Engineer: 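Have a look at the structure that comes next, please.
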Amino acid sequence: LLQTLGNLVTIARESDAAALDGLTPGVPAVVVGAGPSLDVNAPALAGLQDRAVIIAADTALRPLLAAGVRPHLVVGVDPGEMNARHLEGLEQVDDVWFVGEGSLHPAAFPPFRGRTFTFRVSEHEPWPWLRAHGADRGLLRAWGSVVTSALDLALRMGCNPVVFAGVDLAYTGERSYCANTIYDTIWRDVLMKAYNWTFEQLMEDYFAQRTTVWEPDLRGQQVRTASHLLAFRNWLLDQAATVRDRRFINATGAGMLYGPG
């Protein structure tokens with residue numbers, strides 16, 4: 001509530017995400033997450049920039065830029081201050097457009113001034129009040145992960161097919177993210193130096209503090225994942241099974257995104 005109110009100037013100044021509805025019918029979209037496999041996927045994405053709409057989760061933007069990939073759109077949903085660090089202080093992103101939920105931490109918006117579409121994920125306050133004053137914004141669905149909102153955006157834009165990259169929904173290779181996220185700085189430059197750990201020791205400590213499970217991945221090999229990641233996977237599968245007029249392709253090459261549709 002407070003952050004949405006604090007963002008009112010940005011919301012009023014920038015565009016409505018509803019303006020993107022039906023914008024690119026029949027154009028392929030690549031929805032990009034920051035899973036460990038993005039390190040392998042990213043080089044191939046550079047050659048698709050004039051052939052598909054590349055829609056990145058906010059966590060994936062820095063890794064894509066580091067790989068020379070310029071996503072057309074980046075989506076942000078999580079209102080936490082830590083999550084804003086994925087976007088805060090970015091430079092030379094004048095060709096990237098931002099699709100941000102109105103309650104994001106204010107630090108997420110400045111790099112995209114004049115190139116932002118705002119949206120809401122529900123009827124949470126203060127949207128009923130804003131609507132009464134003619135300041136409503138389009139809705140994008142969210143199911144716990146920014147990738148779900150990125151998928152909903154691709155569907156609303158009319159994209160077909162929808163291709164997933166970097167969407168492991170698993171700890172492929174015993175890693176939580178791809179390289180070049182903000183966590184590299186936090187983990188490698190702070191924790192590893194402070195404790196004199198190897199990266200493997202860091203990940204061992206990371207998993208020791210979390211409840212994880214082992215499941216067969218799309219290749220039938222056992223991989224570490226978690227209940228919330230499987231919930232995201234199941235939501236994506238529900239969309240693939242329900243939206244019959246689109247094709248869904250998982251190009252991640254690893255992880256848990258497989259099933260009907």
Side-chain angles (χ1 to χ4, degrees), residues 1-21 23 29-35 38 53-66 69-122 124 126-127 130 137-157 159 164-167 177-178 180-183 185-186 228 232 235-236:
L1 170 63
L2 294 178
Q3 287 185 183
T4 305
L5 291 173
N7 290 330
L8 283 183
V9 171
T10 297
I11 293 169
R13 181 184 65 229
E14 302 287 353
S15 299
D16 182 352
L20 297 170
D21 288 358
L23 184 67
V30 184
V31 174
V32 185
L38 185 58
V53 179
I54 300 178
I55 304 174
D58 49 9
T59 47
L61 180 55
R62 289 179 186 270
L64 287 175
L65 295 175
V69 180
R70 314 292 298 185
H72 301 95
L73 297 162
V74 57
V75 180
V77 177
D78 186 336
E81 182 178 1
M82 173 64 77
N83 200 70
R85 296 186 189 180
H86 295 294
L87 307 172
E88 185 178 10
L90 283 169
E91 298 178 352
Q92 299 181 335
V93 288
D94 292 349
D95 55 345
V96 179
W97 292 69
F98 184 43
V99 184
E101 217 279 340
S103 66
L104 289 176
H105 190 277
F109 290 104
F112 307 96
R113 183 184 174 95
R115 302 183 318 284
T116 295
F117 300 89
T118 57
F119 67 96
R120 56 185 173 84
V121 294
S122 71
H124 67 76
W127 289 111
L130 289 174
R137 289 297 180 266
L139 184 142
L140 289 180
R141 293 175 295 166
W143 190 255
S145 167
V146 63
V147 168
T148 62
S149 296
L151 169 62
D152 198 37
L153 176 61
L155 295 178
R156 291 177 181 273
M157 292 176 67
C159 294
F164 296 98
V167 183
Y177 290 97
C178 61
N180 294 306
T181 68
I182 60 167
Y183 302 116
T185 301
I186 297 171
H228 66 283
F232 305 156
W235 190 92
L236 295 174

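The structure presented is a predicted model; accordingly, all values stated were derived computationally and were not measured.
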Engineer: Any side-chain heavy atom of Phe117 within less than 4.5 Å of one from Arg137?
Structural biologist: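 Result no, sub-4.5 Å side-chain heavy-atom pair not found.
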
Engineer: Supply the atom-to-atom distance Tyr183 OH to Cys178 SG, rounded to the nearest 0.5 angstrom.
Structural biologist: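 The OH atom of Tyr183 sits 11.0 Å away from the SG atom of Cys178.
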
Engineer: Tell me the closest heavy-atom pair linking Gly33 and Val147, and the distance in Å.
Structural biologist: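 Minimum heavy-atom separation between Gly33 and Val147: CA-CG2, 4.2 Å.
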
Engineer: So, for Ile55 and Met157, which heavy atoms are closest and what is the spacing to 0.1 Å?
Structural biologist: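 In this case the closest contact between Ile55 and Met157 is CD1-SD, 4.3 Å.
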
Engineer: Short question: side chain of Glu14, backbone of Gly114 - any donor-acceptor pair under 3.5 Å?
Structural biologist: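 Yes; judged by distance alone, with no hydrogens or angles, the pair exists.
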
Engineer: Mind listing the closest non-hydrogen atom pair of Ala150 and Val31 along with its distance?
Structural biologist: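 Heavy-atom minimum between the residues: CB-CG1, 3.8 Å.
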
Engineer: Got Val93 and Phe98 here, is their nearest side-chain heavy-atom distance under 4.5 Å?
Structural biologist: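 The answer is no; the side chains never approach within 4.5 Å.
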
Engineer: Please examine the side chains of Phe164 and Leu151, heavy atoms only from C-beta on, and report whether any two atoms are closer than 4.5 Å.
Structural biologist: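 Heavy-atom side-chain distance check passes, below 4.5 Å.
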
Engineer: Kindly check if the number of other-residue, nucleotide or ligand heavy atoms within 6.0 Å of CH2 (Trp143) is above 12?
Structural biologist: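 Not buried by this count: 12 neighbours or fewer within 6.0 Å.
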
Engineer: Does the Arg115 side chain pair with the main chain of Val96, one donor and one acceptor, at a distance under 3.5 Å?
Structural biologist: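 Indeed, once roles are kept as given, a pair shorter than 3.5 Å links the two residues.
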
Engineer: Counting only N and O atoms by type, is there a donor-acceptor contact under 3.5 Å from the side chain of His72 to the main-chain atoms of Ile54?
Structural biologist: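 It does hold such a pair.
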
Engineer: With side chains defined as the heavy atoms from C-beta onward, is the minimum distance between Thr4 and Arg120 less than 4.5 Å?
Structural biologist: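 SC-SC contact between Thr4 and Arg120 ruled out.
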
Engineer: Mind checking the CZ-CG spacing from Arg156 to Leu140? Nearest 0.5 Å is all I need.
Structural biologist: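 Output value for this atom pair is 6.0 Å.
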
Engineer: Under 3.5 Å, is there a donor-acceptor pair between the side chain of Glu101 and the main chain of Val121?
Structural biologist: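 A pair under 3.5 Å: yes.
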
Engineer: For residues 57-65, which side-chain N or O atoms pair as donor and acceptor with protein atoms under 3.5 Å away, sequence neighbours left out?
Structural biologist:
| residue | atom | partner | partner atom | Å |
| --- | --- | --- | --- | --- |
| Asp58 | OD2 | Asn83 | ND2 | 2.7 |
| Arg62 | NE | His86 | O | 3.0 |
| Arg62 | NH2 | Arg85 | O | 3.3 |
| Arg62 | NH2 | Glu88 | O | 2.8 |

Engineer: Within a strict 4.5 Å, meaning less than it, do heavy atoms of the Val74 and Phe112 side chains meet?
Structural biologist: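 A side-chain contact exists here, since the closest heavy-atom pair is under 4.5 Å.
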
Engineer: Report the residues that fulfil salt bridge (Lys or Arg N to Asp or Glu O under 4.0 Å) with Arg70, sequence neighbours left out, ordered by chain and then residue number.
Structural biologist: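 So Arg70 forms a salt bridge (Lys or Arg N to Asp or Glu O under 4.0 Å) with Asp95.
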
Engineer: Considering non-hydrogen atoms only, spot the tightest contact between Ser103 and Asn7 and give its length.
Structural biologist: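 Minimum heavy-atom contact is C-ND2, 4.1 Å.
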
Engineer: Would you check if the side chain of Ser149 reaches a backbone N or O of Arg141 as a donor-acceptor pair within less than 3.5 Å?
Structural biologist: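 Such a contact is found between Ser149 side chain and Arg141 backbone.
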
Engineer: Taking the side chain as every heavy atom from C-beta outward, state whether Thr148 and Asp152 have any atom pair closer than 4.5 Å.
Structural biologist: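 No, side chains not in contact.
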
Engineer: Rounded to the nearest 0.5 Å, how far does CZ of Phe119 lie from CG of Asp16?
Structural biologist: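 Answer rounded to 0.5 Å: 11.0 Å.
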
Engineer: Could you check whether any side-chain N or O of Arg13 sits under 3.5 Å from a backbone N or O of Arg113, counting only pairs where one atom can act as donor and the other as acceptor?
Structural biologist: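 Not a single qualifying donor-acceptor pair exists.
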
